[in-house]
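Comments concern the structure below.
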Amino acid sequence: MKEMVINTVVKVCSVDELSVADREVVDAARAATANSYAVYSHFNVGAAVRLADGTIIRGTNQENAAYPSGLCAERTTLFWANSQYPTLPVEVLAIAARTEQGELDKPIPPCGACRQVILETEKRFGKSIRIILYGAKECYIIEEGVKALLPLSFDAGFLE
Ligand code: THU
């Protein structure tokens, strides 16, 4: 039997080590957490994307008393960005979270459903998205896009 090995490369750095351009997207995601509607989980998530023309769009998690009707910050952000700017590729996505105790030391990764939506956004523009996960003590940078977080993924190619 053969084995298939799938590697994921994650760069780890402190927020101070980020480039000015990356820092801007990360700071937008951090600021966005203030607008999170997380009255049930009290887990405030902010996301921000930088589009190909430099526009930065932010979004937050939006919860609902009917729990599954809520949506994560990553998807509100991507859906809004893609609705408003359907021809502008998404180049960078940053994610940050905060609880009542403040910002989290470690980054939070996107959930499975958000990974699938990130994948669709990459496919639609034919461009991978650099993903930056913010934590107060360390940040993770995934340079190669969501395929690093969603190996063996299902995309439109299988429908052909
Ligand atoms: N959440 C996000 O917005 N993004 C993630 O990547 C993980 C989880 C939200 C969903 C829910 O509102 C709250 O965090 C707790 O799961």
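The structure presented is a predicted model; accordingly, all values stated were derived computationally and were not measured. Just follow the structure's listing: the first ligand is 1, and inside any ligand the first atom is 1.
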Worksheet item: Is Cys114 near ligand 1, meaning one of its heavy atoms is under 4.0 Å from it?
Response: no
Practice prompt. Look at ligand 1 and say whether Ala38 reaches it with a heavy atom at a distance under 4.0 Å.
Written response: no
Discussion item. Is atom 16 (O) of ligand 1 near the protein, in the sense that some protein heavy atom lies at less than 4.0 Å from it?
Written reply: no
Fill in: Straight-line distance of Arg130 CZ to Lys11 NZ, nearest 0.5 Å
7.5 Å
Distance to 0.1 Å, residue and atom name: give those for the protein heavy atom nearest to [atom].
atom: atom 9 (C) of ligand 1; value: Asn61 ND2, 3.6 Å
atom: atom 11 (C) of ligand 1; value: Glu63 OE2, 3.2 Å
atom: atom 5 (C) of ligand 1; value: Glu74 OE2, 3.4 Å
atom: atom 8 (C) of ligand 1; value: Cys72 SG, 4.1 Å

Practice prompt. Check the side chains of Ser36 and Asn61 for a donor-acceptor pair under 3.5 angstrom, ignoring hydrogens and angles.
Written response: yes
Worksheet entry | Modelled atom types, side-chain donor and acceptor of Ser153 and Asp155, under 3.5 Å | no
Practice prompt. Compute the shortest N/O to N/O distance between Ala73 and ligand 1 and return yes if it is under 3.5 Å, no if not.
Written response: yes
Worksheet item: Purely on distance, is any nitrogen or oxygen of Ser41 under 3.5 Å from one on ligand 1?
Response: no
Fill in: Parallel, tilted or perpendicular, as decided by the 30° and 60° cut-offs, for the rings of Phe158 and Phe154
parallel
Applying the side chain to side chain contact (heavy atoms under 4.5 Å, CB included) test to [X], which of [options] qualifies?
X: Ile141; options: Val10, Leu18, Val12; result: Leu18
X: Pro110; options: Val45, Ile118, Leu93; result: Ile118
X: Val146; options: Ile131, Ile129, Val117; result: Ile131

Discussion item. Residue-level breakdown please: for Gln62 versus ligand 1, do any non-hydrogen atoms fall below 4.0 Å on the side chain, on the backbone, on both, or on neither?
Written reply: neither
Item to complete: Report the part of Pro109 (side chain from C-beta onward, or backbone N, CA, C, O) that has a heavy atom under 4.0 Å from ligand 1; answer both or neither where that applies.
Response: backbone
Discussion item. For a salt bridge (Lys or Arg N to Asp or Glu O under 4.0 Å) check, start with the C-alpha distance between Glu103 and Arg98, then their side-chain angles and the critical distance, and finish with the verdict.
Written reply: CA-CA 4 Å; Glu103 289 189 325; Arg98 181 169 55 77; over 6 Å; no
Discussion item. Set out, in order, the CA-CA distance, both residues' side-chain angles and the distance that settles side-chain contact (heavy atoms from CB on, under 4.5 Å) for Ile132 and Tyr140, then state yes or no.
Written reply: CA-CA 6 Å; Ile132 309 173; Tyr140 297 162; over 6 Å; no
At a 4.0 Å threshold, what atoms of ligand 1 neighbour a non-hydrogen atom of [X]?
X: Val45; answer: 1 (N), 2 (C), 3 (O), 4 (N), 9 (C), 14 (O)
X: Pro110; answer: 6 (O)
X: Cys111; answer: 6 (O)

